[in-house]
Amino acid sequence: MFKKIDHLGIAVEDLESAVQLFRDTLGLEYAGDETVAEQKVRTAFFPLGESSIELLEPTDPDSPVAKFIAKRGPGIHHIALGVDDTAKAIAELTARGVKMIDSVPRDGAHGAKIAFIHPKSTPGLLVEICQRKED
Ligand code: CMX
């Protein structure tokens with residue numbers, strides 16, 4: 001079902017300074033930013049091999065990412081696993097007894113169809129299932 005690690009999501013307080021670090025200091029390729037309004041985050045992508053690093057800055061104090069930073073500080077927020085079909089993956093995982101946060105796919109960055117597994121079904125790690133638009 002899972003093809004690869006699609007991306008690692010990293011929560012940051014300030015996107016501009018984090019982009020400077022990853023692009024200018026670490027020298028990673030920068031693929032631009034995108035606001036995902038429905039999830040109250042601004043994202044910046046850095047393709048790296050077959051995966052990417054995704055920086056996440058909250059756009060609102062009510063944003064889940066703002067709450068995450070307040071509780072745990074900046075750092076790895078989620079790991080995203082690539083699939084061909086998010087709806088099918090939700091059905092398969094649910095049938096295997098995995099607790100899902102999302103029972104239907106929602107829109108992620110770059111038109112991806114995404115869903116989250118509940119951290120209660122994993123060792124405290126937030127796992128995103130991600131179907132890329134071009135897939
Ligand atoms: N890591 C570990 N645990 C986490 C977590 C994280 N990043 N985020 C939430 N949790 C835990 C919470 O502590 C909570 O645990 P308890 O039930 O024990 O208290 C549980 O998961 C449920 O969290 P919640 O916030 O109460 O549940 P919601 O359904 O309101 O939201 C979630 C869950 C994951 C969707 C939300 O917290 C979130 O992070 N949304 C932003 C997602 C995001 O990164 N969007 C950008 C996507 C862009 C892209 O990749 O394309």
Side-chain angles (χ1 to χ4, degrees):
M1 179 187 339
F2 297 116
K3 302 193 296 183
K4 62 176 186 177
I5 293 177
D6 186 88
H7 63 267
L8 289 178
I10 300 176
V12 302
E13 287 170 324
D14 177 53
L15 198 66
E16 269 66 40
S17 64
V19 165
Q20 271 180 20
L21 172 73
F22 279 81
R23 182 190 57 204
D24 304 333
T25 309
L26 300 182
L28 296 187
E29 178 193 344
Y30 175 49
D33 66 277
E34 179 181 339
T35 297
V36 184
E38 191 252 329
Q39 296 180 40
K40 298 179 180 167
V41 290
R42 199 152 67 95
T43 65
F45 267 92
F46 297 85
L48 191 56
E50 63 169 10
S51 303
S52 298
I53 289 174
E54 177 191 56
L55 304 180
L56 301 158
E57 177 198 60
T59 56
D60 187 285
D62 273 350
S63 162
V65 174
K67 289 181 192 156
F68 174 88
I69 292 173
K71 206 166 156 185
R72 305 182 187 216
I76 291 192
H77 175 265
H78 67 262
I79 176 171
L81 303 180
V83 295
D84 286 327
D85 184 335
T86 296
K88 201 171 154 201
I90 292 171
E92 285 184 29
L93 290 169
T94 304
R96 292 181 200 179
V98 176
K99 187 171 160 59
M100 300 295 303
I101 286 177
D102 298 300
S103 55
V104 290
R106 61 165 107 182
D107 294 331
H110 307 305
K113 291 289 170 204
I114 67 171
F116 288 95
I117 297 177
H118 199 289
K120 279 198 182 2
S121 274
T122 58
L125 174 68
L126 183 61
V127 178
E128 174 186 317
I129 297 166
C130 178
Q131 175 190 352
R132 292 257 153 227
K133 198 176 180 186
E134 63 272 17
D135 286 350

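Counting starts at 1 for both ligands and their atoms, in listed order. Both backbone and side-chain heavy atoms feed into the values below; hydrogens, waters and symmetry mates do not.
- Nearest protein neighbour of atom 2 (C) of ligand 1, counting heavy atoms only, is Gly124 O, 3.2 Å.
- The ligand atoms of ligand 1 that sit less than 4.0 angstrom from a heavy atom of Arg106 are 35 (C).
- Within the 4.0 Å cut-off (strictly below), a protein heavy atom is located near atom 13 (O) of ligand 1.
- Under the 4.0 Å distance rule, the nearest protein heavy atom to atom 37 (O) of ligand 1 falls inside the cut-off.
- Inter-residue side-chain proximity for Glu50 and Lys3 is flagged as unmet; no heavy-atom pair is nearer than 4.5 Å.
- Remark: atom 16 (P) of ligand 1 lies closer than 4.0 Å to at least one protein heavy atom.
- Atoms of ligand 1 found under 4.0 Å from any heavy atom of Pro119, numbered from 1 in the order shown, are 3 (N), 4 (C), 10 (N), 11 (C), 21 (O).
- For atom 9 (C) of ligand 1, the nearest protein heavy atom lies 4.0 Å away or farther.
- For ligand 1, the atoms closer than 4.0 angstrom to any heavy atom of Leu126 are 1 (N), 6 (C), 7 (N), 34 (C), 39 (O).
- The backbone and the side chain of His77 each have at least one atom closer than 4.0 Å to an atom of ligand 1 (non-hydrogen atoms only).
- Atoms of ligand 1 found under 4.0 Å from any heavy atom of His78 (numbered from 1 in listed order, with element): 44 (O), 50 (O).
- Ranked by closest heavy atom to atom 40 (N) of ligand 1, the top entry among Gly108, Gly9, Pro64, Ser63 is Pro64.
- In this structure, atom 45 (N) of ligand 1 has a protein heavy-atom contact shorter than 4.0 Å.
- Residues Pro105 and Ile129 form no side-chain contact, since every pair of their non-hydrogen atoms from C-beta on lies 4.5 Å or further apart.
- Residue-to-ligand polar distances keep Thr43 apart from ligand 1: every N/O pair is separated by 3.5 Å or more.
- Residue Ala109 has at least one N or O atom closer than 3.5 Å to an N or O atom of ligand 1.
- Atom NZ of Lys88 has 12 or fewer heavy atoms from other residues, nucleotides or ligands within 6.0 Å.
- Classification of the His77-Phe68 ring pair by plane angle, with boundaries at 30° and 60°, yields perpendicular.
- Between His118 and ligand 1, a contact under 3.5 Å exists for no N or O pair.
- Neither Leu81 nor Ile114 shares a network with the other; the hydrophobic side chains, linked directly or stepwise wherever heavy atoms of I, L, V, M, F, W or Y lie under 4.5 Å apart, form separate groups for each.
- Residues Thr86 and Asp102 form no side-chain contact, since every pair of their non-hydrogen atoms from C-beta on lies 4.5 Å or further apart.
- Within the 4.5 Å cutoff, side-chain heavy atoms of Gln131 are placed close to those of Asp85.
- At a heavy-atom distance under 4.0 Å, no atom of His110 approaches ligand 1.
- Neither the backbone nor the side chain of Arg42 comes within 4.0 Å of ligand 1, counting heavy atoms alone.
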### Query
Given the rule in the side chain to side chain contact (heavy atoms under 4.5 Å, CB included) test, do Leu56 and Gln39 qualify, once you have shown the distances and angles that lead to the verdict?
CA-CA 10 Å; Leu56 301 158; Gln39 296 180 40; over 6 Å; no
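- The closest approach between a heavy atom of Lys67 and any atom of ligand 1 is not below 4.0 Å.
- At a heavy-atom distance under 4.0 Å, only side-chain atoms of Glu54, from C-beta outward, approach ligand 1.
- In this structure, the protein non-hydrogen atom closest to atom 47 (C) of ligand 1 is Gln39 OE1, 3.5 Å.
- Taking OG1 of Thr43 as the start and CG of Leu15 as the end, the distance is 8.0 Å to the nearest 0.5 Å.
- Residues Val65 and Leu125 are members of separate hydrophobic clusters, defined by side-chain heavy-atom contacts under 4.5 angstrom among Ile, Leu, Val, Met, Phe, Trp and Tyr.
- Distances shorter than 4.0 angstrom occur between a heavy atom of Arg72 and an atom of ligand 1.
- Atom 19 (O) of ligand 1 lies below 4.0 Å from none of the non-hydrogen atoms of the protein.
- For atom 50 (O) of ligand 1, the protein comes within 4.0 Å by at least one heavy atom.
- Of all atoms in ligand 1, numbered sequentially from 1 with element shown, those under 4.0 Å from a heavy atom of Val41 are 46 (C).
- Side-chain atoms of Glu54 and His78 include a donor-acceptor pair closer than 3.5 Å.
- With respect to the salt-bridge test (charged N to carboxylate O, under 4.0 angstrom), the residues Glu128 and Arg106 do not qualify.
- Within a 6.0 Å sphere centred on CG of Leu8, heavy atoms belonging to other residues, nucleotides or ligands number more than 12.
- Aromatic ring orientation, His110 versus Phe45: tilted (interplanar angle from 30° to 60°).
- Contact annotation: Ala112 has no heavy atom less than 4.0 Å from any atom of ligand 1.
- How far CD1 of Ile69 is from CD of Glu13: 5.5 Å, rounded to the nearest 0.5 Å.
- Here the protein heavy atom with the shortest distance to atom 27 (O) of ligand 1 is Ile101 CD1, 4.9 Å.
- Counting heavy atoms from C-beta on, the side chains of Val104 and Ile90 never come closer than 4.5 Å.
- Those atoms of ligand 1 with a heavy atom of Lys120 less than 4.0 angstrom away are 16 (P), 17 (O), 18 (O).
- Those atoms of ligand 1 that come under 4.0 Å of a heavy atom in Phe68, given as number and element, are 1 (N), 6 (C), 7 (N).
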Using atom types as modelled, flag every donor-acceptor pair under 3.5 Å from a side chain in residues 23-33 to any protein atom, sequence neighbours excluded.
{"unit_1": "Tyr30", "atom_1": "OH", "unit_2": "Asp33", "atom_2": "OD1", "d": "3.4"}

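- Below 4.0 Å from some heavy atom of His7 lie the following atoms of ligand 1, by number and element: 50 (O).
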